[in-house]
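What follows is a short report on a single structure.
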Amino acid sequence: MKDIRIAVLGLGWMGQAHSRSALRIPSLFPERDCNPRLVVCADTDAGRRARATADFGFERSTPDWQVAVAADDVDAVWVTAPNMLHLPMIEAATAAGKAVFSEKPIGGKPAQTVQAYAHAKAAGVATGVGYNYLWSPLVIHARELISSGALGEITHYRGRFLSMYGSDELGLLTWRFKMDEAGYGVSSDILSHSVAMAQYLAGGISEVVGMRNTTIPNRPLPTGVASHYGRGAPGDATGAVENEDFASMLCRFVNGATGTFEVSRTVVGPESQNAFEVYGTKGALSWNLEQINELKYYRKDADLNTGYTTIFGGDRFPFHGAFAPGQANSIGFEDLIAIEDFAFMQSLATGSGFQPGFAEAVDVVSVQQALIDSWESRSWETVHDLKVGL
Ligand SMILES: NC(=O)c1ccc[n+]([C@@H]2O[C@H](COP(=O)([O-])OP(=O)(O)OC[C@H]3O[C@@H](n4cnc5c(N)ncnc54)[C@H](O)[C@@H]3O)[C@@H](O)[C@H]2O)c1
């Protein structure tokens, strides 16, 4: 069993979720080659550091992430800070020879993701990226069905991530709404999840055209450390939202299929509708995070025309049995984080490769860059693989 000595940079929602994974992995996955050890955490907020050492059991904490990255007793660094800190953190971690698991989108702008990939490649370190929804057991099953030819030729893909996290006008102007801390808006934040999912299920995207919108232009300013879902009060001082609330695109896949994507953080109604529909010549699949334990499957050749049938999650699918035995005993959001962290640490312990890593993140931002170009040109743009030449 190999110790994986961990540093976590940023102790908000995701930093805590990954730290909790490290604590859960031994009991969830008794047959494993990796032994997670929470060595050091970094955050500028003293309260979060104190909680991380007291409640998660980190051996020590520091306000300076560079100290954590440089520590000799750290093997792997989890980057869970606001987007525009990803690249400097990754540059320092890879230069120190550490493996890096970074939350998506890896930087706030496509060029930063490409630079992160180049740093990791030059250093020869292992990388992982937090497209956690790819680890849903039913999404893995969907990919297996598609690869087996069960859907025939893929003709159309529909991806969307419609979230209400920013739909309240009194929702605070946190880092996500600011160019210097987040980079782009939903095209970085949640389109990254949708495009990663599409590439995982249906393959590469070759051309796109799209649009964007900002629907809530001003928000209350936070005082102190603000949560993702924090709320101000009427009359509070406000500041400007600097990036997009909405993005959509039409696309064509390399295999000839068509696709549509919609993402929003301000829409009212869908609370966290991270969803896809894949249509093929022999059938279709449909999944939605809001019903994470259900995969809908339509078979054209079914003896009776039953319409869509529901496949419930269960221990017949990969990883599910670690959390609950039998069928239709549900798993949830943080369980996907535990699965990805386990898979990444196993890959470090055994020396096997891990996907999705920074190369796959560049595939995602190659599409994002073409979308951004289309916002300016107002026309179709070819997707160029931004890894070429690196
Ligand atoms: N995969 C997912 O489902 C998912 C969900 C949410 C967020 N994310 C990603 O995770 C990352 C973090 O998002 P979050 O929601 O956890 O944010 P958050 O605001 O909850 O937490 C960010 C933390 O970083 C800390 N921080 C800020 N500046 C710092 C610095 N210089 N040094 C050290 N710490 C610093 C903050 O104090 C805060 O504790 C983002 O890149 C986001 O895109 C991914």
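These numbers were taken from a predicted model, which means no experiment stands behind them.
The distance from atom CG of Leu250 to atom CD of Glu207, rounded to the nearest 0.5 Å, is 10.0 Å. In this structure, Ser61 OG and Phe56 CZ are separated by 13.0 Å, a value rounded to the nearest 0.5 Å. Glu340 CD to Asp335 CG: the interatomic distance, rounded to the nearest 0.5 Å, is 11.5 Å. Summarising the geometry, atom OH belonging to Tyr117 is positioned 9.0 Å from atom CD belonging to Glu360; distances are rounded to the nearest 0.5 Å. Note that CZ of Arg49 is 9.0 Å distant from CG of Leu11, once rounded to the nearest 0.5 Å. To the nearest 0.5 Å, atom OH of residue Tyr133 and atom CG of residue Leu336 are 7.5 Å apart.
Arg51 forms no cation-pi arrangement with Phe58, by the criterion of a distance under 6.0 Å to the ring centre and an angle within 45° of the ring axis. Annotation: cation-pi pair Arg143/Tyr200 present, NZ/CZ under 6.0 Å from the ring centroid and within 45° of its normal.
In terms of modelled atom types and a separation under 3.5 Å, the side chain of Ser192 and the main chain of Asp189 share a donor-acceptor contact. The closest donor-acceptor contact from the side chain of Asp245 to the backbone of Asn213 lies at 3.5 Å or more, if one exists at all. Remark: side-chain polar atoms of Asn329 are not paired, donor with acceptor, to backbone N or O of Gly326 under 3.5 angstrom. Put simply, the side chain of Arg265 never gets that close to the backbone of Ser163: no donor and acceptor are under 3.5 Å apart. A donor-acceptor pair under 3.5 Å is formed between the side chain of Asp64 and the backbone N or O of Gln66. The backbone N or O of Cys34 sits less than 3.5 Å from a side-chain atom of Arg32, completing a donor-acceptor pair. Side-chain N or O atoms of Thr44 include none that pairs as donor or acceptor with a backbone N or O of Pro63 at under 3.5 Å. Put simply, the side chain of Ser21 gets close to the backbone of Ala17: a donor and an acceptor are under 3.5 Å apart. In this structure a side-chain-to-backbone donor-acceptor pair under 3.5 Å is missing from Lys104 to Val129. Proximity of a side-chain donor or acceptor of Asp33 to a complementary backbone N or O of Met1 within less than 3.5 Å is not detected.
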Check the pair Asp168 / Tyr229 against side-chain contact (heavy atoms from CB on, under 4.5 Å), numbers first and verdict last. CA-CA 9 Å; Asp168 184 345; Tyr229 294 97; over 6 Å; no
Requested in this report: Mind running side chain to side chain donor-acceptor pair (under 3.5 Å) on Thr215 and Thr266 for me, showing each step along the way?
Outcome: CA-CA 7 Å; Thr215 53; Thr266 52; 2.7 Å; yes
| request: Show the numbers, then the answer: is there a salt bridge (Lys or Arg N to Asp or Glu O under 4.0 Å) between Glu277 and Arg160? | output: CA-CA 9 Å; Glu277 281 100 47; Arg160 62 189 180 283; 3.1 Å; yes
- Determine, step by step, whether Arg176 and Glu244 satisfy the salt bridge (Lys or Arg N to Asp or Glu O under 4.0 Å) criterion, reporting the C-alpha distance in whole Å, the side-chain angles of both residues, the deciding distance to 0.1 Å, and the verdict. CA-CA 10 Å; Arg176 278 184 170 75; Glu244 75 284 356; over 6 Å; no
Take Glu169 and Arg219, measure what salt bridge (Lys or Arg N to Asp or Glu O under 4.0 Å) needs, and give me the verdict at the end.
CA-CA 6 Å; Glu169 291 84 351; Arg219 294 178 174 277; over 6 Å; no
- Message: Pair Phe333, Trp13 - check ring-ring contact (aromatic ring centres under 6.0 Å, His included), show working.
- Response: CA-CA 12 Å; Phe333 175 88; Trp13 179 11; 5.6 Å; yes
Checklist line | CA sep, side-chain torsions, deciding dist, call: Thr80, Glu103, side chain to side chain donor-acceptor pair (under 3.5 Å) | finding: CA-CA 6 Å; Thr80 52; Glu103 263 308 330; over 6 Å; no
_Set out, in order, the CA-CA distance, both residues' side-chain angles and the distance that settles salt bridge (Lys or Arg N to Asp or Glu O under 4.0 Å) for Lys387 and Asp363, then state yes or no._
CA-CA 8 Å; Lys387 295 191 297 301; Asp363 292 340; 2.4 Å; yes
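Here the two rings, on Phe354 and Trp135, have centers that are under 6.0 Å apart. Proximity of the aromatic rings of Tyr157 and Tyr279 is defined here by a centroid distance below 6.0 angstrom, and this criterion is not met. Side-chain rings of His119 and Phe358 stay apart, their centers remaining 6.0 Å or farther from each other. A distance below 6.0 Å separates the ring centres of Trp78 and Phe344.
Aromatic ring orientation, His141 versus Phe317: tilted (interplanar angle from 30° to 60°).
Under the 3.5 Å distance criterion, with hydrogens and angles disregarded, a donor-acceptor pair is assigned to the side chains of Asp315 and Gln327. Between Thr310 and Glu294, the side chains place no donor N or O within less than 3.5 Å of an acceptor N or O (distance only, hydrogens not considered).
With respect to Asn274, the side-chain contact (heavy atoms from CB on, under 4.5 Å) criterion is satisfied by exactly one of Leu289, Asn288, Leu162: Leu289.
Lys121 NZ: 12 or fewer foreign heavy atoms inside a 6.0 Å radius. The local environment of CD in Gln355 is sparse, with at most 12 non-hydrogen atoms from other residues, nucleotides or ligands closer than 6.0 Å. Summarising the local packing, CE of Met211 is surrounded by 12 or fewer heavy atoms from other residues, nucleotides or ligands at distances under 6.0 Å. Atom CD of Glu153 is surrounded by 12 or fewer heavy atoms from other residues, nucleotides or ligands within 6.0 Å.
At a threshold of 4.0 Å, the pair Lys178-Asp180 does not count as salt-bridged, since none of the basic side-chain nitrogens sits closer than that to a carboxylate oxygen. Between Asp73 and Arg5 there is no salt bridge, since no side-chain N of the basic residue sits under 4.0 Å from a carboxylate O of the acidic one.
For the side-chain hydrogen bond (donor to acceptor under 3.5 Å, both in side chains) test, no residue two or more places apart in sequence or in another chain qualifies with Thr53.
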